[in-house]
Q: 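Take this structure first; my questions come after.
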There are 2 protein chains.
Amino acid sequence: MAITLPAPREAARRRLLDVLRREGPLARVEIGQHLGMSPASVSDLTAGLLDEGVLVSEEAGDTGPVLIRGRPKVRLSFASDLGCVIGVWTGFNRIELRLVDSAGRNQASRHVERPLRSLGAEDLMDVLAETISTFAQDAGGPPVKAIGLACQGYVDTRDGVVAWSPVLGARDLPLAAGLNQRLGRPVVIENDASAMAFAIAQRDPALRSGRTACLMIGDGVGLGFLVQGELYRGARSGGSEFGHVRLRRSGPQCRCGGRGCIEAFLADYALHRDAQLIDHRPAPAVLIPSEDAMNAIVAQARAGDTALLNLFREAGEVLGDAAGILIQTLEPDHIVICGPGTRAMDLLRPSFEAALESQTIPELRSLATIHVVESSMDILTEGVVMQALREMDLDLARLKAA
Amino acid sequence: MAITLPAPREAARRRLLDVLRREGPLARVEIGQHLGMSPASVSDLTAGLLDEGVLVSEEAGDTGPVLIRGRPKVRLSFASDLGCVIGVWTGFNRIELRLVDSAGRNQASRHVERPLRSLGAEDLMDVLAETISTFAQDAGGPPVKAIGLACQGYVDTRDGVVAWSPVLGARDLPLAAGLNQRLGRPVVIENDASAMAFAIAQRDPALRSGRTACLMIGDGVGLGFLVQGELYRGARSGGSEFGHVRLRRSGPQCRCGGRGCIEAFLADYALHRDAQLIDHRPAPAVLIPSEDAMNAIVAQARAGDTALLNLFREAGEVLGDAAGILIQTLEPDHIVICGPGTRAMDLLRPSFEAALESQTIPELRSLATIHVVESSMDILTEGVVMQALREMDLDLARLKAA
DNA sequence: GATAATTATTTCCTTGCTCGAACAATAGCG
DNA sequence: CGCTATTGTTCGAGCAAGGAAATAATTATC
């Protein structure tokens, strides 16, 4: 029963479903233009997918009055009965959830305040599984076919293992298998910065060509690196732990245990902590400050608080150094700075640009376009859902039946 | 006359010639095993190449008595009349040359002492062209079909332009075109660290799988990064300028104009200069010290000179930091440390390992195998020759006629 | 309302790559 | 002198992909 498709066919199928999910319902000719294939080949491919019930032809009448003459386009879209996918992001004390149908359309979302760190491995997985299934039940709708989960730390995507995560307090945690066991659905896990990089690149075609290094600033600092729109995978199929590169030998404390890591200057918890220290207040108990608390710090700095301005100046400098390292190492076409940390980009920018300029070769620096993408963490779930959907693509017909 | 091969055929041809050059004469079945193709397909491919005169069948008798039964293997090899390729490396005050036949066998080599920095663009290219053609004449033998040149700096391989090189004192120098014009032969240029990485990986199959970051220490410090045996290419098809990543904000002067770059601690010129300064001698006039001078410094340190030991300790620390950044950014399977600078590896190693350990996550660090490959600069010409040969592979038949 | 124009899709055919199966060639071995 | 092991060749099938032309489905225009 398991129909094994030949490799080229399979790759073509993937590309087709990718473009259809990204660009919405498309006619066969349009798919052909996107993929650089002849309409004949597209017809051939789509025939199989229509046959399997993965795709459906759009009803003729629902596009309203047609203004061009000629035979009207028949757009193809994902079948509505393919089921849904849940995307999850686990922060330090928050879980973001999102339900998406197989075409990539958002159906429901929620976020839950819940500290995860103190839990052991089994409890952690229990809590996650329960949160996810509650969300699925509340959302109702079509059955959930797969789960994608983004989390901080060094994630082995292929084997579904969180190899290292200071936030989850985990080492070699077989998270995908554990959740799969509890939920009875396939689970894909991914580093959160990689997921965000992927999601952002889905929205901007320019970022899908060439090499894109995506620095996410938020609870921590992470890097997602894309080559021709695909996530770069290292030796253990994870992303990098760029946030824990040590840039100042005797810098502030990082939650990884080291000192002077990039994120020890830029992450929300670091900025919040150092802001408290400036005011001679005790270091805060909550490691992850609220959005309001962060906004307050930024506002105070914008009002002219010199000590805080200094803090952001130094953070910007570290960001510039980090971007400089990426430029001199990876020779990227695009540098994207994203995540909640971009809320203070106006404060970071002067020192960021100065640092970047002082340590990169102009010939290399000028190749890389700097993009600042203001993005909250909920886009993350979008990214990891995309990943899960792509993983499913080859099994859609089978999953439909299940 | 220009026979355009379809893309898959072309790729298959490349792979076949690659493996034949690397593994020496091979029978069709053996090629099939290396490439994972059926003998039938290999026969089909080689038929064309034999027809064009690119390959020849080995004479039957010259393997001596056959000890296995069955139809004897007929090994295929590159035709001997395909001509040669010259590989060149330009150092600060030295030019290395090497003549190689199309099968990759070394035929002659030479090195010339010649400072290149003070020359202008035109003079530089004149000198190089003259040196190359003199070498070709002296070496005699089959006609030279192409030239591969490795040089320091940021090299755009696709367009053949040296975008930036403090050693050559060049900016946007169209070196490949200039030499092509003077020599009438196709010229391929490459960053020297990339060329060395490629050459080293040709010798060790392990380095051709997964991701290999190759740090070359010598006149300067460079990085060659390989993914599945192929050189990583950035936005402008060059490698990186990793040697000019600034690791210490107020470190020693670098020849790029900045301060605290990786190579300002590790390159021969930097170690030599700082050794002179320790002895309160004036900074040396010659920027690139001789091999003897470097050996003397190393010997003096090994004898217990504390100031020099300190110098190497600090250099090792920077090397560890550099490797740490690579590990946390690229998640490589292999880190190779190579080049003349490995002569002092015993002095660098303790602080190298301490620094590496103190700033990398164990889960990531343990993935990467550290290789120290003692290699002088002449292996470089090998690497760039390989590149040039590969560039030629599609035109071999045409070049044979020319 | 008939006809022309236009666009989408399908059908059919060709090309090119790869592989499996059958077959030829060759040499050791009993 | 068969038998067997191994290599290499030939031929045909299968498959992907593209192009030409036929077909289908509309709308604009007269």
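The sequence lines fix the lettering, A, B, ..., with proteins before strands; numbering per chain opens at 1.
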Q: Which parts of residues 14-39 of chain B get close to DNA chain D, meaning a heavy atom less than 4.0 angstrom away?
A: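 By residue number: B:A27, B:R28, B:V29.
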Q: Looking at A:I200 and A:V373, what are the two nearest heavy atoms and their distance?
A: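 Of all heavy-atom pairs spanning A:I200 and A:V373, the closest is CD1-CG1, 4.1 Å.
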Q: Using only heavy-atom distances, determine whether the side chains of A:S109 and A:R98 contain a donor-acceptor pair under 3.5 Å.
A: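 Result is no, nothing qualifies.
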Q: Would you tell me if any nitrogen or oxygen in the side chain of B:S43 comes within less than 4.0 Å of OP1 or OP2 on D:dT9?
A: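 Yes, such a contact exists.
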Q: Hey, what do you get for CG (B:L389) to NZ (B:K145), rounding to the nearest 0.5 Å?
A: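 Separation between the atoms: 13.0 Å.
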Q: Over its full length, what angle do the end axes of the helix from C:dG1-D:dC30 to C:dG30-D:dC1 make, each axis taken from five pairs and the result rounded to 10 degrees?
A: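 For the helix from C:dG1-D:dC30 to C:dG30-D:dC1, the axes at opposite ends meet at about 30°.
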Q: Are any non-hydrogen side-chain atoms of A:L99 and A:V85 less than 4.5 angstrom apart?
A: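 Contact flag for A:L99/A:V85 side chains = no.
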Q: Using a 4.0 Å heavy-atom cut-off across all strands, classify B:D44 as base, sugar-phosphate, or nothing.
A: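 Base contact - B:D44 has a heavy atom under 4.0 Å of at least one base atom.
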Q: How many Å lie between CG on B:L45 and P on C:dT18, as a whole number?
A: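 Distance check: B:L45 CG to C:dT18 P gives 6 Å.
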Q: Tell me, with the steps shown, if A:R75 and A:E30 meet salt bridge (Lys or Arg N to Asp or Glu O under 4.0 Å).
A: CA-CA 9 Å; A:R75 280 175 232 274; A:E30 296 167 325; 3.5 Å; yes
Q: Can you measure A:K73 atom NZ to C:dA8 atom P for me and round it to whole angstrom units?
A: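 Whole-Å distance recorded here is 4 Å.
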Q: Which nucleotide wins on minimum distance to the side chain of A:S41, given the candidates C:dC17, C:dC19, D:dG18?
A: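 The answer is D:dG18.
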Q: Could you tell me the separation between the CZ atom of B:R13 and the P atom of C:dT18, rounded to a whole number of Å?
A: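 B:R13 atom CZ is separated from C:dT18 atom P by 12 Å.
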Q: In terms of side-chain geometry, is the basic nitrogen of A:R15 or A:E10 positioned less than 4.0 Å from the acidic oxygen of its partner?
A: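 No, A:R15 and A:E10 are not salt-bridged.
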Q: Figure out the CZ/C1' separation between A:R75 and C:dT7, and round it to whole Å.
A: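 In whole Å, C:dT7 C1' and A:R75 CZ are 13 Å from each other.
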Q: Separation of B:R9 atom CZ from C:dC19 atom P, in whole Å?
A: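 My rounded result for the distance is 12 Å.
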Q: So does B:R71 get a side-chain nitrogen or oxygen closer than 4.0 Å to the phosphate oxygens (OP1/OP2) of C:dA27?
A: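 No, B:R71 has no side-chain N/O under 4.0 Å of OP1/OP2 on C:dA27.
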Q: Applying a 4.0 Å non-hydrogen cut-off, can you work out what B:V74 is touching in the nucleic acid: base, sugar-phosphate, or nothing?
A: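 Sugar-phosphate, no base atom in range.
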